[in-house]
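None of these values were measured; they are calculated from a predicted model. Hydrogens, waters and symmetry mates are skipped; everything else that's a heavy atom, side chains included, is used. To find a chain, count down the sequence lines: A is the first, B the second, and so on, and within it residues start at 1.
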Number of protein chains: 2
Amino acid sequence: MSMESTATRGGLRGEVWAILRRLFREHRLRFLSAAAELDLHPAQAGALLQLAEPLSMNHLAGELGCDNSNVTGLVDRLAARGLVSRRESPDDRRVRQVVLTDAGRRTREQLLQRVGAPVGELGRLTEDEQRQLLELLRKVAPEER
Amino acid sequence: MSMESTATRGGLRGEVWAILRRLFREHRLRFLSAAAELDLHPAQAGALLQLAEPLSMNHLAGELGCDNSNVTGLVDRLAARGLVSRRESPDDRRVRQVVLTDAGRRTREQLLQRVGAPVGELGRLTEDEQRQLLELLRKVAPEER
DNA sequence: TATTGTTATACTCTATAACTATA
DNA sequence: TATAGTTATAGAGTATAACAATA
């Protein structure tokens, strides 16, 4: 009996999974390089990427998959570098929204450009193929809500 | 003129990229949950996943995208938990191979099972669709060498 | 009572630089 | 000289627990 897990067993699903894992890993390494180039720690870069819109500290922790208490120091350091600022929520005085500054928006754009390099590689597909891929991926990973 | 980067602009490629980024993020969060459930720090879990085969300290650092010097402490702590061991290379006495112990192999399997959950979601596709997806992904991300 | 955010603590991660042993 | 690995150091990430302010 094989000691290999579901994730590494052969077969069609296994092959698809293998290539997806490779994409995940390449994306992770590209992300780490991009963060290092911009002199950001991975968690800081992750936070910037999440901040397309202002987020509460709480929400940001959820998006980053880390504890609430970490975000305090994380945002402190980003704020010290002038990349984000805190502002109070008008609805709930307990809540603080984290907002990108202009410099933060620029840094975020630089991150996106570097991390988004593989978008170009989608050019290897014809338009029809791109449409097919989109539909297949949507079936595999439908939006949650 | 739009302030959006290549990575977030609309269009077909943009849509494919958006869904890929969602997959990347979900994978990351699943990975973090899996590591936490097994009481491993993300870097430790990442190292275990890389250790399908024995790797030199140097190679392991490359795979993890971190500096060589970090791997010393990382492997120290994994070894202290009985998950890996060091052994000398017969070819080059400078090199140390990192090898999983039996306990390390079991923990790695548990990680793979948790991280590999989406393999099941590939069942939403027919076999033909899985084959199509595989071919399209191979075109986008061909193997390096 | 429950939730948001902060602080304190302890441990881990990470890069840099300097070092040893080997090639 | 160059490379593999270690050590020392400093700054950052991380979870846990306890706390203040607000809901």
Quiz prompt | Residues touching DNA chain C, which here means a heavy atom under 4.0 Å, drawn from residues 50-60 of chain B | solution = none
Practice problem: Kindly indicate whether the side chain of Arg86(B), heavy atoms from C-beta on, has any atom under 4.5 Å from the side chain of Asp76(B). | Solution: yes
Quiz item: Between Ser69(A) and Asn70(B), which is nearer to the 5' end of DNA chain D once each is assigned its nearest nucleotide?
Solution: Asn70(B)
Quiz item: Roughly, in whole Å, what's the span from CG in Asp39(A) to P in dA15(C)?
Solution: 12 Å
Quiz item: DNA chain C: Pro42(B) or Asp92(A), which has the more 5' nearest nucleotide?
Solution: Asp92(A)
Quiz prompt | Candidates dT22(C), dG5(C), dC13(C) - which lies nearest the side chain of Arg96(A) | solution = dG5(C)
Quiz item: Is the shortest side-chain N to carboxylate O distance from Arg22(B) to Glu26(B) below 4.0 Å?
Solution: yes
Quiz item: Does Arg131(B) come within less than 4.0 Å of Glu15(A), counting only side-chain N to carboxylate O?
Solution: no
Quiz prompt | Closest-nucleotide 5' rank along DNA chain C - winner of Arg94(A) and His41(A) | solution = Arg94(A)
Quiz item: In whole angstroms, how far is the P atom of dT22(C) from the CG atom of Asn68(B)?
Solution: 17 Å
Practice problem: Round to a whole Å and report the spacing from CZ of Arg77(B) to P of dA10(C). | Solution: 17 Å
Exercise. Measure the shortest side-chain to side-chain distance between Leu136(A) and Gln130(B) over non-hydrogen atoms and say whether it is less than 4.5 angstrom.
Key: no
Quiz item: Going by heavy atoms in the side chains, are Val71(A) and Cys66(A) under 4.5 Å from each other?
Solution: yes
Self-check item: Start and end of chain B contact along DNA chain D [non-hydrogen atoms, under 4.0 Å]
Solution: dA2(D) to dT7(D)
Practice problem: Please state how far atom CG in Asp76(B) lies from atom C1' in dC13(C), giving the value in whole angstrom units. | Solution: 13 Å
Exercise. Could you tell me whether the side chain of Gln44(B) reaches within less than 4.5 Å of the side chain of Leu48(B), counting heavy atoms only?
Key: no
Quiz item: Quick one: Asp67(A) CG to dA10(C) P, roughly how many Å, whole number?
Solution: 17 Å
Self-check item: Closest heavy-atom pair and its distance - Ser89(A), Gln97(A)
Solution: CB-NE2, 4.2 Å
Practice problem: Mind calculating the distance between CZ (Phe31(A)) and P (dT14(C)) to the nearest angstrom? | Solution: 12 Å
Practice problem: Would you please classify the geometry between the His27(B) ring and the Phe24(A) ring as parallel, tilted or perpendicular, with 30° and 60° separating the classes? | Solution: parallel
Practice problem: Identify the heavy atoms of Arg81(A) and Asp39(A) that sit nearest to each other, and give their distance. | Solution: NH1-O, 2.7 Å
